Asker: 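One structure follows; several queries about it will come next.
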Amino acid sequence: RKEMKIMSKTIINIFSALLVLILVNISYAGDSGTYIGFKTGASIQDYNDVKFENPRITGVSQDNDSDAEAIISFQVGKTLSSFPVRLEIEYAFTGEVIFDRFHTPFPTTRQRIIVDSKRIMFNAYHDRSFSLASVYVGAGIGLAINNTDALQGDTSNFNDKNVRSLAWSLGAGVTKNVFTNYTLDLGYRYVDLGAADTNKSEFAPNDEQFKGYLDTHEITAGLRYNF
């Protein structure tokens with residue numbers, strides 16, 4: 001846990017320094033290669049290897065579930081002049097996604113897990129231009145903050161928990177200049193968001209917990225303004 005806090009602070013400090021450098025670059029107008037952007041679309045999130053930890057129950061199998069929610073993303077970036085590469089800082093978040101499961105000893109009791117994920121990413125893209133449009137491939141690394149809560153049945157609540165995890169992504173897409181200084185972006189991306197665990201149950205004896213891993217498949221449309 002201590003190592004994760006140190007890594008989180010290091011990532012945030014690096015991103016803050018990069019953001020300052022990019023914002024300073026924006027102040028120099030003209031063909032700077034700097035841009036700001038917005039994306040939205042569908043985030044299809046998978047909650048994988050979900051475990052229900054209860055000291056009184058053994059042999060409960062792991063399972064998976066999926067849900068979809070809208071994603072909102074803001075970016076600040078720069079296209080390098082010497083290479084066909086873009087470097088970008090991104091903040092992204094989704095609404096709450098809900099995963100339902102039924103555990104073996106009580107198959108009629110629903111367990112509902114609710115996850116709210118936010119992340120800050122450092123992304124790099126390689127662009128290749130063609131006559132009608134450009135295509136790109138990209139990868140990213142960053143910090144995800146997954147807030148996870150749960151409800152068993154209708155009244156048995158769990159304490160929520162924020163888990164900081166290393167996040168990484170791979171993606172590809174198509175861009176096209178549509179107006180002066182504006183670029184349309186259509187893309188797909190896979191993002192590994194890391195662990196998403198609840199805290200202990202609120203009900204006695206306060207020793208039950210959910211643990212799992214979160215990833216997402218994202219299909220987005222976006223618009224960039226190029227300075």
Side-chain angles (χ1 to χ4, degrees), residues 7 10-12 14-23 25-26 31-48 66 68-94 97 117-146 165-196 213-227:
M7 186 182 72
T10 302
I11 292 174
I12 291 172
I14 292 172
F15 284 174
S16 299
L18 290 171
L19 181 59
V20 168
L21 289 174
I22 292 173
L23 291 175
N25 190 276
I26 290 177
D31 189 15
S32 67
T34 308
Y35 64 87
I36 56 175
F38 169 80
K39 290 180 182 178
T40 189
S43 174
I44 305 167
Q45 300 190 25
D46 298 319
Y47 196 36
N48 302 305
S66 299
E69 186 54 81
I71 180 174
I72 303 292
S73 164
F74 301 94
Q75 313 94 42
V76 178
K78 181 173 176 61
T79 302
L80 302 183
S81 57
S82 52
F83 302 97
V85 171
R86 287 184 286 122
L87 301 179
E88 177 184 279
I89 295 175
E90 176 191 28
Y91 173 71
F93 61 94
T94 64
V97 287
S117 182
K118 304 175 178 64
R119 67 183 187 264
I120 182 169
M121 301 288 290
F122 175 66
N123 303 317
Y125 302 95
H126 173 68
D127 295 277
R128 186 73 179 270
S129 297
F130 296 94
S131 57
L132 295 179
S134 297
V135 297
Y136 66 82
V137 293
I141 189 168
L143 177 69
I145 302 176
N146 302 318
S165 294
L166 180 69
W168 60 270
S169 67
L170 294 172
V174 179
T175 64
K176 183 174 179 59
N177 296 327
V178 289
F179 302 108
T180 303
N181 296 338
Y182 287 92
T183 302
L184 181 66
D185 184 313
L186 300 174
Y188 162 81
R189 176 168 53 180
Y190 169 83
V191 189
D192 188 317
L193 296 168
Y213 295 92
L214 193 67
D215 62 33
T216 177
H217 300 268
E218 296 174 349
I219 301 171
T220 58
L223 191 66
R224 300 200 309 261
Y225 177 79
N226 308 291
F227 290 89

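Keep in mind the model is a prediction, meaning the values are calculated, not measured.
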Asker: Is there a donor in the side chain of Thr175 and an acceptor in the side chain of Asp185, or the other way round, less than 3.5 Å apart?
Answerer: no
Asker: Is there side-chain contact between Asn123 and Gln75, with at least one heavy-atom pair below 4.5 Å?
Answerer: no
Asker: Would the Tyr35 and Tyr225 ring centres measure less than 6.0 Å apart?
Answerer: no
Asker: Any heavy-atom pair between the side chains of Thr220 and Ser73 that's under 4.5 Å?
Answerer: no
Asker: Find the distance between OG1 (Thr216) and CD1 (Ile44) and round it off to the nearest 0.5 Å.
Answerer: 7.5 Å
Asker: Where the side chain of Asn146 meets the backbone of Ala195, is there a donor-acceptor pair that is under 3.5 Å apart?
Answerer: yes
Asker: Lys78 vs Thr34, test: side chain to side chain contact (heavy atoms under 4.5 Å, CB included). Steps then yes/no.
Answerer: CA-CA 4 Å; Lys78 181 173 176 61; Thr34 308; 4.1 Å; yes
Asker: Can you classify the ring geometry of Phe93 versus Tyr91 as parallel (below 30°), tilted (30 to 60°) or perpendicular (above 60°)?
Answerer: tilted
Asker: Is any side-chain heavy atom of Arg86 closer than 4.5 Å to one of Thr79?
Answerer: yes
Asker: Assess whether atom CZ of Phe179 is packed by more than 12 heavy atoms of other residues, nucleotides or ligands within 6.0 Å.
Answerer: no
Asker: With a 4.0 Å cut-off, would you call Lys39 and Glu88 a salt bridge?
Answerer: no
Asker: Which word best sums up how the rings of His217 and Tyr188 line up, parallel for under 30°, tilted for 30 to 60°, or perpendicular for over 60°?
Answerer: parallel
Asker: Should the heavy atoms of other residues, nucleotides or ligands under 6.0 Å from OH of Tyr213 be counted, would the total exceed 12?
Answerer: no
Asker: With rounding to the nearest 0.5 angstrom, report the CZ to CD1 distance, Phe227 to Ile36.
Answerer: 4.5 Å
Asker: Is any side-chain heavy atom of Phe74 less than 4.5 Å from a side-chain heavy atom of Val76?
Answerer: no
Asker: Mind checking whether Tyr182 and Leu184 have side chains closer than 4.5 Å, heavy atoms only?
Answerer: no
Asker: In Å, rounded to the nearest 0.5 Å, how long is the span from CG of Leu193 to OG of Ser169?
Answerer: 9.5 Å
Asker: Would Met121 and Arg189 count as a side chain to side chain contact (heavy atoms under 4.5 Å, CB included) here? Give the steps.
Answerer: CA-CA 13 Å; Met121 301 288 290; Arg189 176 168 53 180; 5.7 Å; no
Asker: Tell me if the CD1 atom of Ile219 is crowded by more than 12 foreign heavy atoms within 6.0 Å.
Answerer: no
